[in-house]
Amino acid sequence: MYRRIQEGMCLSPPISGFDVFEDVKKESFFQSQPAMLSLCAHLQELKGKMSGFSNTEVREEIHKLLQVSLWGNKCDLSISGGQDNSQKTSVLSSLEDFKAFILVDDMDSLWNILLRNRDGNNESRTRVDIVLDNAGFELVTDFILADAMLSLNLATEVHFHGKVGPWYVSDTTKHDYDWTIQKCLATNNKWMSKCGQTWKENLKKGRWVYHQHLFWTLPHEYCTMAEVAPDLYTELQKSDLVLFKGDLNYRKLTGDRKWDYTVPFSEALRSFHPAPLCSIRTLKADVQVGLQEGVGERLSAAETDWMISGKYGVIQFSPVV
Ligand SMILES: O=P(O)(O)OC[C@@]1(O)O[C@H](CO)[C@@H](O)[C@@H]1O
C-alpha cells in the first residue's frame with residue numbers, strides 16, 4: 001500500500017516529492033514536545049555531572065536511555081491509523097513501572113561491547129548503527145541515546161539508517177531527520193535548543209552519519225540482504241553494534257515466521273549476522289522468539305492481545321554467529 005501511494009506521487013509531477021504523511025508526523029512531534037523537553041533537560045543535566053561517573057553509573061544511565069528509546073517505539077502512526085499517538089508524559093519517571101513489561105533485556109551483552117570503547121585507548125573506534133523507525137517522539141529518543149553514547153565515551157560514531165520515502169505513515173525519512181534537528185535547535189527551550197545544536201555539529205563533524213537505502217522499503221526479509229543489497233550488508237559489517245528499532249524491523253529480522261517462542265533470536269535471524277545486533281522493539285505483531293520456557297504460553301492465557309498491543313517490549317541481542 002505504501003509503495004502504491006509513493007508510486008501515485010511519483011507519477012504526479014510537480015508534487016512527486018510530496019510526503020503525504022508530513023502533516024501528521026509534524027503534529028505528532030509538536031504534541032510530544034513536553035515529553036521531549038524533559039528528556040533534553042535530563043540529557044544536559046547528565047552531561048553536567050558525568051565526568052566523575054563510575055562505569056556502574058554510566059551503565060545505569062545508558063540502560064535508562066535504552067529503555068526510553070524502547071518505549072518511544074509505542075508512538076507509531078501506523079498502528080493508530082494516523083491518529084494521535086504521541087507521548088504526553090515523561091517516560092523517565094515511569095521506567096521502573098514499565099520494567100515488568102520488558103520480556104527480554106540483553107543489556108549485559110550490549111554493555112560488554114560499549115564498555116570496550118570506554119575502557120579502550122584514545123585511538124579505539126566504536127561504531128554504533130541505528131536502523132531508525134518512527135519520526136516524532138521515537139526519533140528524539142534515538143537522538144538522545146546516540147548523543148549519550150558519544151558523550152559517555154561508549155561510541156565514537158553513530159550511523160543512522162532511514163527510509164528513502166514516506167513509509168508506514170511515520171517512518172523517518174531524510175527530511176524528517178533534518179527537520180527534527182532543525183526544530184529542536186530553533187525552539188525557545190534552552191535544553192532542547194542545546195541538544196539540536198550538538199546534533200547539528202555531530203553531523204557536521206562526521207560523528208553522526210545519515211544513510212538511506214532502498215532495501216529498507218523493499219519486502220525482503222533481512223536474511224536475504226547479503227544477496228539482494230550486498231552494499232548495505234557490507235556497510236553494516238563495519239559496525240560494532242547495530243540497533244534495529246521497532247516492530248517492522250523485528251518482523252523482517254525474523255522473517256515474520258510462526259517461530260516457537262523459545263527459539264533463540266540468533267537462530268531466527270538465520271544467515272543475517274553482519275555485526276552484533278540488537279532489536280529494540282515493542283510488540284505489535286504476532287512474532288516473538290527468545291523467550292524463557294513457558295513465558296509465551298502464560299502471557300497468551302492471560303492476555304489475548306499481548307503480542308500486538310505495544311504494551312510489552314524487548315531489548316534482544318544476537319552476537320555474530
Ligand atoms: O515498526 P513499528 O513502527 O514499530 O510498527 C509498525 C507497525 O505498527 O505497522 C504494522 C501495522 O500497520 C504492524 O505490523 C507494525 O507493528
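Just so you know, ligand 1 is whichever comes first in the structure, and atom 1 is the first atom listed for that ligand.
Set against the non-hydrogen atoms of Y168, the atoms of ligand 1 under 4.0 Å away are 9 (O), 10 (C), 12 (O). The N134 neighbourhood of ligand 1 comprises atoms 3 (O), with distances under 4.0 Å to a heavy atom of that residue. Under a 4.0 Å criterion applied to the non-hydrogen atoms of L248, ligand 1 contributes the atoms 1 (O), 2 (P). Close contacts between ligand 1 and N73 involve ligand atoms 4 (O) [criterion: under 4.0 Å to a heavy atom].
Checked by atom type and distance alone, the side chain of D260 never pairs as donor or acceptor with a backbone atom of T262 at under 3.5 Å.
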### Task
Step by step, work out the ring pair (Phe, Tyr, Trp, His ring centres under 6.0 Å) result for H213 and H161.
CA-CA 8 Å; H213 198 290; H161 300 264; 9.1 Å; no
### Task
Begin with the C-alpha distance, continue with both residues' side-chain angles, and end with the deciding distance and a verdict on ring pair (Phe, Tyr, Trp, His ring centres under 6.0 Å) for F21 and Y168.
CA-CA 9 Å; F21 303 123; Y168 275 74; 9.7 Å; no
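E227 and Y233 are not linked by any side-chain donor-acceptor pair at a separation below 3.5 angstrom, with hydrogens and angles left out of the test. Counted by atom type alone, S54 and E57 present one or more donor-acceptor pairs between their side chains at under 3.5 Å.
Using a cut-off of 4.0 Å between Lys/Arg side-chain N and Asp/Glu carboxylate O, D133 and R281 are scored as not salt-bridged.
In terms of N/O distances under 3.5 Å, ligand 1 is approached by R251. Annotation: G246 places no N or O atom under 3.5 Å from an N or O atom of ligand 1; distance criterion only. At least one N/O-N/O distance between K284 and ligand 1 falls below 3.5 Å.
Scanning the protein for heavy atoms near atom 3 (O) of ligand 1, the closest one is D133 OD2, 2.8 Å. For atom 9 (O) of ligand 1, the closest non-hydrogen atom on the protein side is S78 OG, 2.9 Å. For atom 8 (O) of ligand 1, the closest non-hydrogen atom on the protein side is D76 OD2, 3.4 Å. If you check which protein heavy atom lies closest to atom 16 (O) of ligand 1, you get D247 OD2, 2.6 Å.
Taking the six-membered ring for Trp and thresholds of 30 and 60 degrees, W199 and W208 have nearly parallel ring planes, at less than 30 degrees apart.
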Would you be so kind as to tabulate the donor-acceptor pairs closer than 3.5 Å made by side chains of residues 29-41, with sequence neighbours excluded?
| unit_1 | atom_1 | unit_2 | atom_2 | d |
| --- | --- | --- | --- | --- |
| S32 | OG | S28 | O | 3.0 |
| S32 | OG | Q87 | N | 3.1 |
| S38 | OG | A35 | O | 3.1 |

